[in-house]
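Data first, discussion second: the structure below is written as structure tokens.
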Amino acid sequence: MNGLMLFMRRIWPQLLTLAVIVGLISIMFPGFFQISIANGRLYGSPIDILNRGAPVALLAIGMTLVIATRGIDLSVGAVMAICGAVAAWGITEGYGLFATLAMALAAGLACGLWNGVLVAILGIQPIVATLILMVAGRGIAQLITEGAILTFNHEGLIFFGSGSVFTIPTPVIIGVLTGAIITLIVRRSALGMLIEAIGINLRASTLAGVNTRVLLIAVYMTSGLCAALAGIIAAADIRGADANNAGLWLELDAILAVVIGGTSLLGGRFSLIASLIGALIIQAVNTGILLSGFPPEFNLIIKAVIILIILVLQSPTMRTVAVFFSKDPVGASDKEKETVAP
Amino acid sequence: MKSTKAILGAGILASMLVMSSSALAQTVGFSQIGSESGWRAAETTLTLQQAKERGIDLKFADAQQKQENQIKALRSFIAQGVDAILIAPVVATGWDSVLEEAKEAEIPVILLDRMVDSSDDLYLTAVGSDLVHEGSVAGQWLVDELAGKDCNVVELQGTTGSSPAIDRKNGFEQAIAGKDNIKLIRSQTGDFTRTKGKEVMESFLKAEDGGKNICALYAHNDDMAVGAIQAIKEAGLKPGSDILVVSIDAVPDIFQAMAAGEANATVELTPNMAGPAFDALEAFMKDGTMPPKFIQTESKLYTQADDPQAVYEQKKDLGY
């Protein structure tokens, strides 16, 4: 019970933000909550947010772990393009669904391994190490698709983008399952704690006997795997691999999702659930802008202002102000302490 | 005896060939931007094809999206003493000095597809498409197709602020101006990509009563239309009949959609810019005919009546 309370206390700012944004959208656009079933699939704006948010949510899962180790993975957007290209290439070459998926996931793992080796073995700073693949990745993807949009019509592969299971869109299911599995792995074992230890102090963790190299590589490979899943979904969604545009700038959305989720870029404590809610917040803003009918020139400005407000409200200074103005300053600051070090 | 005749005949034929082509360009340098899009790949393929058909030795240089590579390529063409230069400039500015060098060497330069900011006596002519005209061809098709019926149109714009997005929007609005039956109810950017085209169309459908309120979609390029068609299908509507689809570019995939009855019309941005360029060059070489400073390519309208499957077969190997 106490654990649940702590958990809710950790994620309530994110939940509140999401609720406020969804509330604002539904005021502007009253039909927001209408959900029906079209073509055997749930249909409605809230479903769009979940469905369109799935790729960024998947990236955010991997990104959270990487950021918790005090790293960053700029390559995930490009890895999406590579894995989407591999999937489209595999299916058009007639390798069959299983082999195609295996190849696409293996490509993601290989990209993660590359990043991990650069960071953990060669000791290159993560932002530089992953920048290499961010720049080169689209080139690799273009080599695979030969510069064109590689289209396919394989129903099995399309299922991962626009199919559904019990009327729930497949991308949502993949996102939720991946989030659940990885949360279970890191929280039901000591792995999560070890990842946080690396983020807080790499040297001390190594000296304490944590196999930091292997763990770091594993974390980057997890990020690569998540990017591969997102890449498969993105390609399956449009029935084609677009090496130039698949996952373009999504690495920044993923980082933003983690930040909105309250995980510090300086590493250490992390929350996967909060990052997932962060991804939904970003997508809710995107979908809200599209529904609002504003001219497209305002898209980025509106998004930037909303994100700015969210980040300002979450900033340490605002917290201090909130504590100062609350009726019970002592009690509030005690609560703060509790959340910081449970 | 017979063989001598044959050799003699062949000799005459060969000399005639040499004579006939001596008035024309023999070697032409072509500096291409790079492989930024499928359309550009098709332009390269067609330029090579056109040169081959006309017996022109084409020297091809891929600039990989860098102006300095294009300037280097132009200088090397000038040094090799080619008869003419074709260039698809990656940016509009910074060409003055290299174009002057070409002018001093008396090598005519023809711009393909994109313009430069230099003075127009530095190049022979420019071949390109009129983006505003493309938009108005698409708009005119819709006006004719509806024949006065009421229609709410949604628009998928290109990348905000890009010249194709601005011009194609203006052209379409010019064509539907004064037609009270056609209303542009929603307009949003789809960044010229399939993914965004699909996502934005999904939101249009939800915002307009599940799409019942929408009668036509105008997309600034075919890729966004292809994405939007999927969104329409997933919403349980029939693209092509419940919602008319008109777009611009004429890439192969839209012809597949048209063959399946899911798209209605597309306006071609022809990748064959080299054909008119070579025609102008031949006339100039032959008797010094100065071509106009801008040669506008045809913005051809394709509909479902134009045997889309056949056009698809014809286009699919051009490298789109």
Side-chain angles (χ1 to χ4, degrees), chain A residues 28-29 31-32 34-41 43-49 51-52 55 84 139 142 145-151 153 158 161-164 169 234-235 237-242 244-250 283 286-300, chain B residues 34-42 44 64 154-161 165 169 185-211 222-224 226-231 233-237 251-253 256 316 318-320:
Chain A
M28 267 193 317
F29 179 65
F32 179 77
Q34 277 173 20
I35 297 178
S36 57
I37 289 179
N39 282 357
R41 195 178 178 195
Y43 180 85
S45 296
I47 307 300
D48 274 1
I49 293 179
N51 192 25
R52 293 282 148 217
Q142 275 172 356
T145 62
E146 294 172 350
I149 297 179
L150 199 55
T151 53
N153 263 318
I158 289 169
S162 41
S164 59
D237 184 38
I238 58 165
R239 307 171 184 208
D242 185 347
N244 280 318
N245 299 307
L248 193 63
W249 308 128
L250 286 195
Q283 189 56 42
N286 287 341
T287 305
I289 291 171
L290 292 180
L291 286 173
S292 69
F294 284 118
E297 287 81 2
F298 291 102
N299 289 5
L300 297 174
Chain B
S35 49
E36 52 171 22
S37 64
W39 183 86
R40 203 146 292 280
T44 305
Q64 295 175 328
V154 293
E155 179 184 37
L156 285 171
Q157 297 184 28
T159 309
T160 310
K169 182 173 177 57
I185 52 170
R186 267 173 193 267
S187 181
Q188 180 53 260
T189 178
D191 282 336
F192 284 130
T193 67
R194 289 184 189 206
T195 315
K196 285 283 283 177
K198 186 172 180 184
E199 182 181 347
V200 174
M201 192 67 205
E202 281 175 357
S203 78
F204 281 170
L205 290 166
K206 263 134 222 159
E208 297 297 337
D209 194 16
D222 289 338
D223 277 327
M224 290 191 292
V226 169
I229 286 170
Q230 285 169 20
K233 280 202 282 192
E234 281 168 23
L237 296 170
V251 303
D253 285 350
Q256 267 188 321
K316 69 174 183 189
L318 290 178
Y320 270 110

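Lettering of chains follows the sequences in order, A, B, ..., and the numbering in each one begins at 1. Worth saying up front: this structure is predicted, and the values here are computed from it rather than measured.
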### Message
I'd like to check the side-chain contact (heavy atoms from CB on, under 4.5 Å) partners of B:Q64; sequence neighbours left out, ordered by chain and number.
### Response
B:D62, B:N69
#### Entry: Rounded distance (nearest 0.5 Å) linking atom CZ of B:R194 with atom CD1 of A:I149
4.0 Å
### Message
For A:N153, I'd like to know if atom CG has over 12 heavy atoms of other residues, nucleotides or ligands within 6.0 Å.
### Response
no
### Side chain to side chain, B:T160 and A:N299, heavy atoms closer than 4.5 Å
no
### Message
Assess whether a salt bridge exists between B:K198 and A:D237, defined as any Lys/Arg side-chain N lying under 4.0 Å from an Asp/Glu carboxylate O.
### Response
yes
### Summary
Whatever's closer than 4.5 Å to a heavy atom in chain A on B:R186 counts as side chain
### Summary
Note: B:A207 and A:L291 closest approach over all heavy atoms is CB-CD2, 4.0 Å
### Query
A:G40, A:G44, A:S36: which one forms the most heavy-atom pairs within less than 4.5 Å of chain B?
A:G44
### Within-4.5 Å side-chain heavy-atom neighbours: A:P296 and B:Q157
yes
### Message
If I take atom NZ from residue B:K196 and atom CG from residue A:D242, how far apart are they, to the nearest 0.5 angstrom?
### Response
13.5 Å
### Message
Below 4.5 Å, heavy-atom pairs only: which of B:G210, B:G161, B:S203, B:G197 has the largest tally toward chain A?
### Response
B:S203
### Query
Under a 4.5 Å heavy-atom cut-off, does chain A meet the side chain of B:D253, its backbone, both or neither?
side chain
### Task
Against chain A, label B:D191 side chain, backbone, both or neither, depending on which of its atoms sit under 4.5 Å from a heavy atom there.
neither
### Message
Treating A:R239 as the side-chain partner and B:G227 as the backbone partner, does any N or O pair qualify as donor plus acceptor under 3.5 Å?
### Response
no
### Task
Identify, with sequence neighbours excluded, every residue that meets side-chain hydrogen bond (donor to acceptor under 3.5 Å, both in side chains) alongside B:E155.
B:K169, B:S187, B:H220
### Task
Any chance you could lay out the salt bridge (charged side-chain N to carboxylate O under 4.0 Å, His left out) test for B:K206 and A:D48, step after step, and finish with the verdict?
CA-CA 10 Å; B:K206 263 134 222 159; A:D48 274 1; 2.7 Å; yes
### Message
Would you compute the distance between atom CD1 of A:I238 and atom CG of B:D223 and round it to the nearest 0.5 angstrom?
### Response
8.0 Å
### Query
Can you say whether A:F32 sits under 4.5 Å from chain B via the side chain, the backbone, both, or neither, judging by heavy atoms?
neither
### Query
Given a strict heavy-atom distance threshold of 4.5 Å, which part of A:S292 is in contact with chain B: side chain, backbone, both, or neither?
backbone
### Query
Side chain, backbone, both or neither: which part of B:E234 has a heavy atom under 4.5 Å from chain A?
both
### Query
Side chain, backbone, both or neither: which part of B:Q188 has a heavy atom under 4.5 Å from chain A?
both
### Query
chain B heavy atoms under 4.5 Å from A:S45: which part of the residue, side chain, backbone, both or neither?
both
### Side chains of B:F192 and A:N244 in contact at under 4.5 Å (non-hydrogen atoms)
no
### Distance-minimising heavy-atom pair for A:L290 and B:V200
CD2-CG2, 3.8 Å
